[in-house]
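First up is the structure itself, then whatever we jot down about it.
All figures in this text were calculated on a predicted structure; none of them were measured in a lab. Just so we're on the same page: letters track the sequence lines, and every chain starts at 1.
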Amino acid sequence: MFPRAPPYHIVVSRHQRHLLFPLLSPRRCPFSGASGSGPDPTDLWIAKLVSTVFHLSPSPAIAADRIAPIRHLLSPSVALAALRRHADPLSALAFFELSCSAFGITHSAAAFRFVICSLCQSGFHDDALKVFYQMANEGHGIEESFLEFLAVSCIEAGKLDLAVGLLGRASEFGCWYQSYTLNNLLSLLVGRNLVNDAVLFLRQHLHSQFLTPDTCSFNIVIKGLCRLGDIDAAFNFSDQMRSFGCSPDMVTHNTLIDGLCRAKQLDRAQELLQRIQLDGSSLPNVVTYTSVISGYCKMGKMEEALGVFSEMTGAGIRPSRVTYNVLIDGYGKVGDMLSAVSVYERMLASGCPPDVVTFTSLIDGYCRSGWLDDAMKLWNEMSQRELKPNAYTYAVAINSFCRMNRLNEARKLLKELKGRRDVMPHAFIYNPVIDGLCKCGRVDEANVVVLEMEERRCKPDKFTYTILIIGHCMKGRMAEAIALFQKMVSSGCTPDSITVNSLVSFLLKAGMPNEINKIMLTASERYIGLDKPCQEIPSSLGKSMGISVAM
DNA sequence: TTAGGGTTAG
């Protein structure tokens with residue numbers, strides 16, 4: 001934490017002169033700048049001296065000894081001026097702490113804010129919050145705007161736990177904060193699948209006088225609950241909205257309808273749609289209808305989907321690109337490519353340009369029907385329309401080539417993907433190729449593909465490892481299979497019962513009981529905390545060894 | 001800051 005510095009000399013050499021005038025990086029924090037008429041020139045001179053001595057000392061303790069003779073010159077305003085001379089926030093923090101502990105300085109609110117802002121801007125939010133809580137404990141008034149700045153900084157840095165803790169204590173500091181900040185936090189929590197944390201936070205603070213949730217706050221949490229499949233909880237929240245002065249709006253209704261559709265409760269979704277229509281308070285829009293159409297498409301009920309589509313157009317609502325894409329994908333999934341193409345043509349005729357999702361769905365449809373060559377014609381047509389395939393498109397095409405045992409064409413696409421720096425590679429794109437190669441006994445080539453994915457910082461997942469372990473076992477390369485299992489565990493990828501069962505059964509056939517023991521021991525250590533229950537497998541081994549394996 | 005679309009393999 002303490003900055004590296006050369007030994008202390010009274011006379012500073014030419015090459016050290018810059019240390020007298022450390023340049024501060026631009027401060028974006030509105031609370032860290034100087035205010036008022038600025039520091040006294042004498043204070044500035046002392047601050048310069050003190051900060052230089054501090055910088056040149058090899059440790060805070062030595063700095064304390066060296067500054068001691070002039071400690072009587074130190075004041076809160078000198079300390080603030082000295083703090084401003086620290087370019088490194090951790091160095092500023094070290095000086096801040098030293099001036100409290102060694103020289104008894106009671107820092108001003110401005111000094112606290114300066115250190116907190118510096119730490120936040122460099123990503124040291126944990127330290128920033130410790131200083132903030134010290135600031136509050138020392139009785140400094142907390143401005144609402146400062147609390148919000150700190151919360152937003154934590155949120156933007158992804159330190160949601162810190163933001164939750166800070167905003168959760170806002171009432172302690174007498175601070176009210178805007179729904180915008182709350183919604184930012186809720187949105188990020190939901191986006192990271194921390195729906196329960198978002199729900200808990202909103203519930204705990206609904207009655208707080210320092211927080212005013214708005215319709216958007218509820219909508220965010222309702223969407224999270226719908227994505228979890230907890231439709232009843234989502235409806236409960238929507239029922240509660242009015243008692244907090246918020247009215248459900250079109251977004252609320254659409255979120256609930258989409259939730260019902262995802263939960264395959266299409267009848268309830270249709271009922272709600274009709275209720276909204278009868279109610280007249282908000283008319284269903286293209287998003288509402290598209291959600292219902294999507295729900296039917298996902299269930300393969302294309303007649304019903306088309307019925308809702310007709311109802312929508314009959315009501316004078318123009319289909320969006322998403323609406324067309326949903327229908328095209330639905331027809332492709334049920335193998336009705338004639339209808340999929342018909343919707344595509346209608347889309348073009350209506351002046352709605354297709355996008356990469358349209359093409360991915362069409363390519364997927366052709367692939368599922370076994371018409372790979374038609375699919376690849378579309379692949380080429382995409383570039384004519386200046387559309388680039390993305391990770392989804394590659395996944396669809398590569399998977400299909402592998403299913404048809406056209407591994408070389410799949411590898412050609414992987415090679416093309418290698419040149420696409422704008423596409424983030426995912427294990428599910430590589431896995432079918434690795435699987436196909438292993439099944440053909442081309443294990444060495446499979447290992448090369450794994451190296452390629454790792455070169456692109458794409459970590460193998462449990463499917464990759466299991467495919468490889470089985471592939472190596474099939475070739476009798478047991479030592480390599482065991483090494484892969486060990487690499488899997490040490491890289492933090494938790495094996496599941498399929499991985500362990502596969503390896504153990506091969507080891508059993510190979511007559512390697514000692515290795516089985518080791519694998520099972522590792523597995524039992526790793527399985528602590530797994531959600532799914534344990535099951536006795538394999539039968540012969542389980543009986544003889546009394547070991548259970550998680551499923 | 002909130003609503004609808006495409007990948008899921010061992």
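When heavy atoms are screened at a 4.0 angstrom cut-off, A/Ser217 is found touching no nucleic acid atom at all. Looking at heavy-atom distances under 4.0 Å, A/Asp258 makes contact with sugar-phosphate atoms alone, never a base. Across all strands shown, A/Val286 has heavy atoms under 4.0 Å from base atoms, whether or not it also approaches the sugar-phosphate. A/Arg262 comes within contact range of the sugar-phosphate backbone alone, with a heavy-atom separation under 4.0 Å but no base atom that close. Note on A/Asp355: a base of the nucleic acid sits closer than 4.0 angstrom, heavy atoms only. Contact annotation for A/Val356: base contact, defined as any heavy-atom pair under 4.0 Å involving a base atom. Within the nucleic acid shown, A/Thr323 comes within 4.0 Å of at least one base atom, counting heavy atoms only.
Atom CE in A/Met453 sits about 13 Å away from atom C1' in B/dG10, given to the nearest Å. Whole-Å rounding puts the A/Lys439 NZ to B/dA9 C1' distance at 9 Å. Note: CG (A/Leu327) to C1' (B/dG4) measures 12 Å, nearest angstrom. What separates CG of A/Leu273 from C1' of B/dG4 is a distance of 13 Å, to the nearest Å. Rounded to whole Å, atom P of B/dA3 lies 19 Å from atom CE of A/Met312. The distance from atom CZ of A/Arg403 to atom P of B/dG10 is 10 Å, rounded to the nearest whole Å. Rounded to an integer number of Å, the gap from CG of A/Leu260 to P of B/dG4 is 14 Å. Put simply, CG on A/Leu186 is 13 Å from P on B/dA3, counting in whole angstrom units.
Comparing B/dG10, B/dG4, B/dG6 by their nearest atom to the side chain of A/Thr466 picks out B/dG10. Side chain of A/Asn399, nearest nucleotide from B/dA3, B/dT2, B/dT8: B/dT8. Closest to the A/Val322 side chain, of the nucleotides B/dG6, B/dG4, B/dA3, is B/dG4. Listed nucleotides B/dG6, B/dA3, B/dA9 differ in distance to A/Thr255; the shortest reach to its side chain belongs to B/dA3.
A cation-pi arrangement is absent between A/Lys462 and A/Tyr465, since the terminal nitrogen or guanidinium carbon is not both under 6.0 Å from the aromatic centre and inside a 45° cone about the axis. By the 6.0 Å and 45° rule, A/Arg456 does not stack over the aromatic ring of A/Tyr430.
No donor-acceptor contact under 3.5 Å links the side chain of A/Thr464 to the base of B/dG10. The base of B/dT1 does not come close enough to the side chain of A/Asn184 for any donor and acceptor atom to sit less than 3.5 Å apart. For B/dA3, its base sits under 3.5 Å from the side chain of A/Asn285 at one donor and acceptor pair at least. For A/Ser291 against B/dG4, a side-chain-to-base donor-acceptor contact under 3.5 Å is absent. On a pure distance criterion of 3.5 Å, a polar donor-acceptor pair joins the side chain of A/Thr499 and the base of B/dG10.
Both geometric conditions, a ring-centre gap below 5.5 Å and a plane tilt below 30°, are fulfilled for A/Tyr392 over the base of B/dG6.
Between A/Asn431 and B/dT8, a side-chain N or O to OP1/OP2 separation shorter than 4.0 Å is absent. Between A/Lys223 and B/dT1, a side-chain N or O to OP1/OP2 separation shorter than 4.0 Å is absent.
A/Tyr366 and A/Ser400 share no donor-acceptor pair across their side chains, judged by distance under 3.5 Å alone.
The closest donor-acceptor contact from the side chain of A/Arg420 to the backbone of A/Pro389 lies under 3.5 Å. A/Ser320 places a side-chain N or O within donor-acceptor distance of the main-chain N or O of A/Val322, the cut-off being under 3.5 Å.
Residue pairs meeting the ring pair (Phe, Tyr, Trp, His ring centres under 6.0 Å) criterion with at least one partner in residues 262-304 of chain A, sequence neighbours excluded, do not occur; the list is empty.
At least one side-chain heavy atom of A/Gln240 sits less than 4.5 Å from a side-chain heavy atom of A/Leu206.
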